[in-house]
Amino acid sequence: MQIFDDIIPVQVDVVLTSVPWTGTTIPLMAVGILKSIVLQTGKTCAGLDMNANVHKWSKTHPHVDKLMDFFHNGSYHREISEDLHELYKSFAEKILEHDPKIIGLSLFSYISQSSTRYICYFLKKIKPEVVIVIGGAGCFENLRGGTTYADELLSTGLIDYYIRGDAEKSFRAFLDGNINYPGINSSDWEELPRAELDGFPYPNYDDYNFDLYDLKAIPVIGSRGCVRRCKFCDIIEYWKKFSYRSGESIFKEMLQQNSKYGLTKFKFQDSLINGNLKEYKVLVELLANHNEKNPDNAFTWSSYFIFRPEHTFGEEWWEITAKSGAEWLNVGIESVSEHVRYHIGKHFSNADIDFSLSMGRKYNLKFLWLMIVGYVTETQADIDFTAEWFRRNVEYRDIMKIQFGGGLGIFPNTWLDRHKEELNIVVHGEPYQNWYGIDSGSTPQLRSKWVRDLSKLCTELGFDVMADIDNHYVLELLMNGQV
Amino acid sequence: MVKFNQSTVEMEFEFVCVNDAYMNLSVIYGNDAMIVTPATKQKVVFDIEFPAKIVLETSGKDMNIDTLLDINGNILADKHIRLSRVIVDRVLVPDAFLQKWPVIRGINTTYFGFNDQIVLDFSEKDSFFWLIKLKSLI
């Protein structure tokens with residue numbers, strides 16, 4: 001199979017790779033972070049983002065829907081079984097061509113579980129003695145909940161170890177032979193303290209093929225956790241505390257990565273860049289200064305971002321944000337109905353949205369709006385209000401992209417999941433969009449219809465509405481009542 | 001050179017004794033036969049070549065005395081063997097499939113309470129194709 005032909009194997013001690021399926025247009029960074037940890041120990045390492053190869057291959061596959069069904073649910077389709085056999089065999093063979101002693105597989109989400117099972121199957125079939133360690137949010141029901149999947153793989157010998165939670169320290173301990181370190185084959189793990197976040201080596205993307213990505217950008221992480229406590233969010237359950245790096249440390253990393261890889265685009269992968277305004281200010285001022293002095297090597301960046309009230313994030317903040325090279329700000333608006341947003345836990349008003357959009361217009365910033373359609377308190381009236389809101393604000397269509405997603409998912413261990421009885425909703429599990437509001441009459445089919453109605457309207461109004469394979473797949477399931 | 005159609009099958013059985021005796025179990029694959037030593041839990045490992053059939057042969061149960069009943073005819077104890085877990089090439093066979101897999105006298109069950117022959121069918125060209133198909137058979 002030629003999917004992995006761009007990977008030139010060299011003998012190393014450790015191979016790390018991402019595992020399909022993650023639908024992403026930019027590099028996944030976990031492998032880059034961990035490769036730098038491996039190199040610190042004196043071991044040699046190949047850090048591969050093989051999900052990117054599979055992602056590219058999948059997009060043009062004649063049975064892409066069936067592939068998605070397999071990646072998401074492990075569902076069998078005769079038409080793709082030969083391709084999957086070849087895919088996973090080639091995946092394993094390419095890793096083993098590096099002759100590693102240790103293989104680390106990074107699972108971005110649960111959608112990597114089917115692939116991981118069969119990649120390990122081929123790895124152990126071809127080279128039973130190789131040590132396999134898996135990690136990432138996708139190994140577990142959630143990062144603080146059950147470990148059924150990882151425990152199963154461990155008990156049958158498909159893997160040798162799993163690592164839970166932040167792996168910067170635990171993976172180092174693992175490489176040093178300290179397999180009793182918290183997070184290794186155990187549920188307990190330690191969040192990285194704020195003081196240590198600046199001390200790790202910068203991620204190493206030497207083995208990434210940047211040509212595979214739609215967006216050639218260097219991923220960066222500036223924080224862990226979030227300053228908000230949104231009721232649908234599971235991130236805050238993983239990282240209880242918001243920890244952040246200093247603006248100076250982030251800037252230094254950007255300078256080094258720029259000099260190493262020649263890229264000037266950066267994509268922040270944490271939940272928000274402006275959680276700590278003091279450090280945010282340091283960062284954007286350093287970037288603005290760099291851009292002013294280096295117009296031929298000016299940096300641009302995109303990031304998740306939170307809208308704040310005007311009195312804490314006034315015009316001077318927007319101006320310096322623009323000068324720092326901000327391009328796309330991905331904002332979890334979730335709903336334009338204030339009462340829905342306030343119930344979620346997002347306490348910015350529609351006036352704050354209006355102000356932020358006007359600043360975006362003035363300073364040439366673009367927004368990716370992340371919307372949740374069908375929140376537990378949302379009704380048809382809210383959907384009608386949302387439709388009207390977009391009609392009224394059509395003037396911003398050139399600076400906005402909208403992602404309506406696959407409707408509200410109620411994920412394990414979130415506030416919504418813990419309060420489902422008092423909310424009188426019934427959750428049926430994966431896909432997590434499969435829930436019913438007993439009082440509200442909210443059903444997967446209704447929410448799917450709302451997503452489609454709003455997507456259609458906004459597209460007709462001239463907004464750029466994002467459609468990705470994952471959400472399309474989920475919506476098809478919901479619409480067809482297959483959940 | 002790895003032969004992908006060669007596989008390792010691990011089967012775990014649970015034996016329940018009555019009248020101080022267990023049922024007998026032989027696992028037969030081709031010309032090989034293994035007599036399984038009864039135990040509360042017993043693991044059997046076989047190397048097979050896909051496609052394949054494994055035959056489980058159970059014996060040693062006296063149908064007149066090895067099912068203990070109370071005066072109302074309720075079963076108090078029954079000599080039997082249960083197939084509790086199967087792993088093929090380190091991949092766990094889903095329990096939902098396992099429950100439907102062995103067929104005994106027309107019934108899908110992992111509870112072997114007769115002197116019988118049970119055929120486990122591994123019908124694909126290698127274990128990967130067999131394993132990925134299981135979910136569709138649940």
Side-chain angles (χ1 to χ4, degrees), chain A residues 1 63 66-67 69-93 95-97 103 113-132 134 147-160 430 482, chain B residues 1-14 29 40-52 54 82-101 108 110 120-138:
Chain A
M1 207 171 220
H63 298 294
K66 293 182 171 68
L67 279 178
D69 198 21
F70 180 80
F71 292 144
H72 280 74
N73 302 312
S75 300
Y76 174 74
H77 298 281
R78 185 183 51 76
E79 300 91 328
I80 58 167
S81 58
E82 290 284 352
D83 281 357
L84 288 174
H85 187 280
E86 195 55 27
L87 172 71
Y88 294 133
K89 185 164 84 68
S90 305
F91 199 109
E93 286 171 342
I95 290 173
L96 293 173
E97 281 174 28
I103 295 169
Q113 291 187 356
S114 294
S115 295
T116 300
R117 190 186 308 277
Y118 291 109
I119 290 164
C120 293
Y121 160 93
F122 277 109
L123 286 169
K124 288 288 188 181
K125 215 164 164 60
I126 299 168
K127 194 173 180 184
E129 68 274 21
V130 74
V131 173
I132 301 177
I134 65 171
T147 56
T148 311
Y149 172 80
D151 284 336
E152 178 199 310
L153 268 53
L154 194 62
S155 76
T156 63
L158 268 183
I159 61 169
D160 300 282
E430 295 177 25
Q482 291 174 11
Chain B
M1 185 70 179
V2 178
K3 283 191 166 180
F4 287 101
N5 68 332
Q6 291 183 344
S7 292
T8 302
V9 178
E10 289 180 32
M11 290 174 282
E12 193 173 271
F13 297 95
E14 294 172 6
Y29 169 64
T40 307
K41 277 196 176 182
Q42 187 63 277
K43 193 163 82 173
V44 174
V45 181
F46 252 81
D47 290 330
I48 66 168
E49 202 162 289
F50 272 77
I54 288 180
R82 184 183 289 280
L83 176 61
S84 54
R85 183 167 138 121
V86 175
I87 296 168
V88 177
D89 288 336
R90 302 170 195 255
V91 177
L92 181 67
V93 171
D95 191 59
F97 171 77
L98 194 59
Q99 298 303 326
K100 291 186 171 183
W101 190 25
N108 299 97
T110 53
L120 301 179
D121 200 354
F122 299 85
S123 56
E124 296 291 329
K125 62 184 175 185
D126 74 25
S127 58
F128 175 84
F129 291 103
W130 187 79
L131 287 163
I132 62 165
K133 203 174 181 179
L134 298 185
K135 199 164 179 184
S136 69
L137 304 174
I138 293 171

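Each chain gets a letter, A, B and so on, in the order the sequences are listed, and its residues count up from 1.
- Both the backbone and the side chain of I132(B) come within contact range of chain A, each with at least one heavy atom under 4.5 Å from a heavy atom of that chain.
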Less than 3.5 Å apart and able to act as donor and acceptor by atom type: which atom pairs between chain B and chain A qualify?
{"from": "Q6(B)", "atom 1": "O", "to": "K125(A)", "atom 2": "NZ", "distance (Å)": "2.6"}
{"from": "D89(B)", "atom 1": "OD2", "to": "K125(A)", "atom 2": "NZ", "distance (Å)": "2.8"}
{"from": "R90(B)", "atom 1": "O", "to": "T156(A)", "atom 2": "OG1", "distance (Å)": "2.6"}
{"from": "R90(B)", "atom 1": "NH1", "to": "G157(A)", "atom 2": "O", "distance (Å)": "3.1"}
{"from": "K125(B)", "atom 1": "NZ", "to": "E82(A)", "atom 2": "OE2", "distance (Å)": "2.7"}
{"from": "D126(B)", "atom 1": "OD2", "to": "H85(A)", "atom 2": "NE2", "distance (Å)": "2.7"}
{"from": "S127(B)", "atom 1": "OG", "to": "Y121(A)", "atom 2": "OH", "distance (Å)": "2.5"}
{"from": "F128(B)", "atom 1": "N", "to": "Y121(A)", "atom 2": "OH", "distance (Å)": "2.9"}
{"from": "K135(B)", "atom 1": "NZ", "to": "N73(A)", "atom 2": "O", "distance (Å)": "2.2"}

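- Proximity of L84(A) to F129(B): side-chain heavy atoms (C-beta onward) are nowhere separated by under 4.5 Å.
- Neither the backbone nor the side chain of L153(A) comes within less than 4.5 Å of any heavy atom in chain B.
- For chain A, no part of L137(B) is nearby; none of its heavy atoms comes within less than 4.5 Å.
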